[in-house]
Student: 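Please see the structure below; I have some questions.
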Amino acid sequence: MPLPVTDADAWVNPLRSTEDKRLPRIAGPSGMVIFGVTGDLARKKLLPAVYDLANRGLLPAGFTLIGFGRREWSKPDFEDYVREAVEAGARTKFREHVWERLAEGMHFVEGNFDNEGFDQLAGTLAEMDSTRGTAGNWAFYLSVPPDYFSDVCHQLERSGLAEADGNSWRRVIIEKPFGHDQATARELNRVVNAVFPEESVFRIDHYLGKETVQNILALRFANQLFDPLWNAHYVDHVQITMAEDIGLGGRAGYYDGIGAARDVIQNHLIQLLALVAMEEPVAFDPTELQAEKVKVLRATNPVYPLNRTTARGQYAAGWQGSHKVKGLRQEEGFDPLSTTETYAACTLEINSRRWAGVPFYLRTGKRLGRRVTEIALVFKEAPHQPFLEGQTSSLGQNAIVIRVQPDEGVLMRFGSKVPGSAMEVRDVNMDFSYSEAFTEESPEAYERLILDALLDESSLFPTNEEVELSWAILDPILAYWAENGQPEEYESGTWGPAGADRMLQRSGRSWRRP
Ligand code: BG6
């Protein structure tokens, strides 16, 4: 039993932090340079997120945003472009005075990834440090394909921009794909880490910026209720689903040849698995969290034989609601003989005392029935039931479902007596919904992650080791698929290929219909 703490203890104890961790954290003097600012990600997500942060008062007064690119843009041209992106995509209300203040600190540097462009960038940053008080603190956001990482890092190093003096910082924020397999991920990490030490590298996995994903840790480690059940004694299996109804029109350049497993399982779904399965961290800080994630990822492997434990598919034409939609091979820009999978499912196991024998089923797909991401822990049946046969025939397995999106929340499914004189037990849901429980609106993932990078808070960013370990889990599955022909077709608007259903039926289980 801890001793009661008095005010006097608080005053004399120098180890006691007086900082209130619930207060919003505001970034210190700093600026951000976006490479690839005219791309989709910057327009749809990054620029609106910067505005939302400014609107919430979380950016410093002199915050400076530099766009770098090949366009011949003046400052007003850049401002117009950003304003349009903000008006279209910001989560919070557009307020003229917030915009004006943010726009004062916007500049565009025209250039290629060559010496001249970066020398000019270095000049602009030095000027901003003296006129806007950015104090030499710069985050470089590489919103460009990974083929350019090497050039940009090299130029940042050559022009002296990668290195801060003792009183300031330089950080790099990078976006997936972090490689194509473990070997290429290693090479990419080597290129980036040759210029930026690991503690200055922030790899974005935007799923980690989602509130519900962070709530997995709160649910597991702030409560007494769940932990006793969170293991192989009680859990029969875990299903992690990320279903999307959208197709891939307009994304051929990125997606054809990449596929669902590399696009989503390697990063988002394996990160979800790590958070659900890891042990309690010694403390809630980046080093301890990452150490636990690494540990669980090291213990994770595919279940063999892969012809029985994995499935992949490609969407064919069909109906999405009332719209007739094309198949992948008819989408603009895709190879008409493309073998890229738009649906991927696999079975993983975790070799630890907590999880031995519990299959983790991961699945993701485009053009499925609806957009939903959830993690379901499905429990074993009660070892004994004193009811008569038939009285529990409508009872399924108990489940805890973490709904990541949409309609964020946590659901518990258990059996309950149907009202009436007979004893009949049926499944019911107890449903906690974020939007009903809290009045605060959740920030967008990118708001959270950009702010964290400016604050040097790295808990929500996967490390180089985590990225390489995730590839090590997936590589054998990708190699098996590469040698085993076409993905199976599934009709758009359905729940994926029949092979995915068979994959679970083999062990007497079935996918949830979320
Ligand atoms: C991205 C993938 O990482 O996540 C996309 O590249 C996918 O293919 C997207 O559509 C989904 O993100 P969200 O936040 O809409 O679930």
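In listed order, ligands and their atoms are each counted from 1.
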Student: Sequence neighbours left out, what passes ring pair (Phe, Tyr, Trp, His ring centres under 6.0 Å) with Phe108? Give chain and number order.
Tutor: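 In terms of ring pair (Phe, Tyr, Trp, His ring centres under 6.0 Å), with neighbours along the sequence ignored, Phe108 is linked to Trp73, Phe78.
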Student: Write none if no such pair exists; otherwise list each N/O atom of ligand 1 with its protein N/O partner under 3.5 Å and the distance.
Tutor:
unit_1: ligand 1; atom_1: 3 (O); unit_2: Lys176; atom_2: NZ; d: 3.1
unit_1: ligand 1; atom_1: 3 (O); unit_2: His268; atom_2: NE2; d: 2.7
unit_1: ligand 1; atom_1: 6 (O); unit_2: Lys176; atom_2: NZ; d: 2.9
unit_1: ligand 1; atom_1: 6 (O); unit_2: Arg251; atom_2: NH2; d: 3.1
unit_1: ligand 1; atom_1: 6 (O); unit_2: Asp263; atom_2: OD1; d: 2.6
unit_1: ligand 1; atom_1: 6 (O); unit_2: Asp263; atom_2: OD2; d: 3.4
unit_1: ligand 1; atom_1: 8 (O); unit_2: Arg251; atom_2: NH1; d: 2.7
unit_1: ligand 1; atom_1: 8 (O); unit_2: Asp263; atom_2: OD2; d: 2.6
unit_1: ligand 1; atom_1: 8 (O); unit_2: Lys366; atom_2: NZ; d: 2.6
unit_1: ligand 1; atom_1: 10 (O); unit_2: Glu244; atom_2: OE1; d: 3.3
unit_1: ligand 1; atom_1: 10 (O); unit_2: Glu244; atom_2: OE2; d: 2.6
unit_1: ligand 1; atom_1: 10 (O); unit_2: Lys366; atom_2: NZ; d: 3.1
unit_1: ligand 1; atom_1: 12 (O); unit_2: His206; atom_2: NE2; d: 3.1
unit_1: ligand 1; atom_1: 14 (O); unit_2: His206; atom_2: NE2; d: 2.8
unit_1: ligand 1; atom_1: 14 (O); unit_2: Lys210; atom_2: NZ; d: 2.6
unit_1: ligand 1; atom_1: 15 (O); unit_2: Arg371; atom_2: NH2; d: 3.3
unit_1: ligand 1; atom_1: 16 (O); unit_2: Tyr207; atom_2: OH; d: 2.5
unit_1: ligand 1; atom_1: 16 (O); unit_2: Gln405; atom_2: NE2; d: 2.6

Student: If the condition is salt bridge (Lys or Arg N to Asp or Glu O under 4.0 Å), which residues does Arg70 pass it with, not counting sequence neighbours?
Tutor: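 Expected list: none.
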Student: With sequence neighbours left out, which residue pairs that include part of residues 175-191 fulfil the side chain to side chain donor-acceptor pair (under 3.5 Å) condition?
Tutor: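 Qualifying pairs: Tyr141-Glu175, Glu175-Tyr446, Lys176-Tyr254, Lys176-Asp263, Asp181-Thr184, Arg186-Glu468, Glu187-Arg190, Asn189-Arg203, Asn189-Glu468.
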Student: Hey, is Arg403 close enough to Glu374 for a salt bridge, meaning N to O under 4.0 Å?
Tutor: no
Student: Could you grab the distance from atom OG1 of Thr347 to atom OH of Tyr361, nearest 0.5 Å is fine?
Tutor: 5.5 Å
Student: Say whether Glu349 and Tyr304, considering side chains only, have a donor N or O and an acceptor N or O under 3.5 Å apart.
Tutor: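 No, Tyr304 and Glu349 have no side-chain donor paired with an acceptor closer than 3.5 Å.
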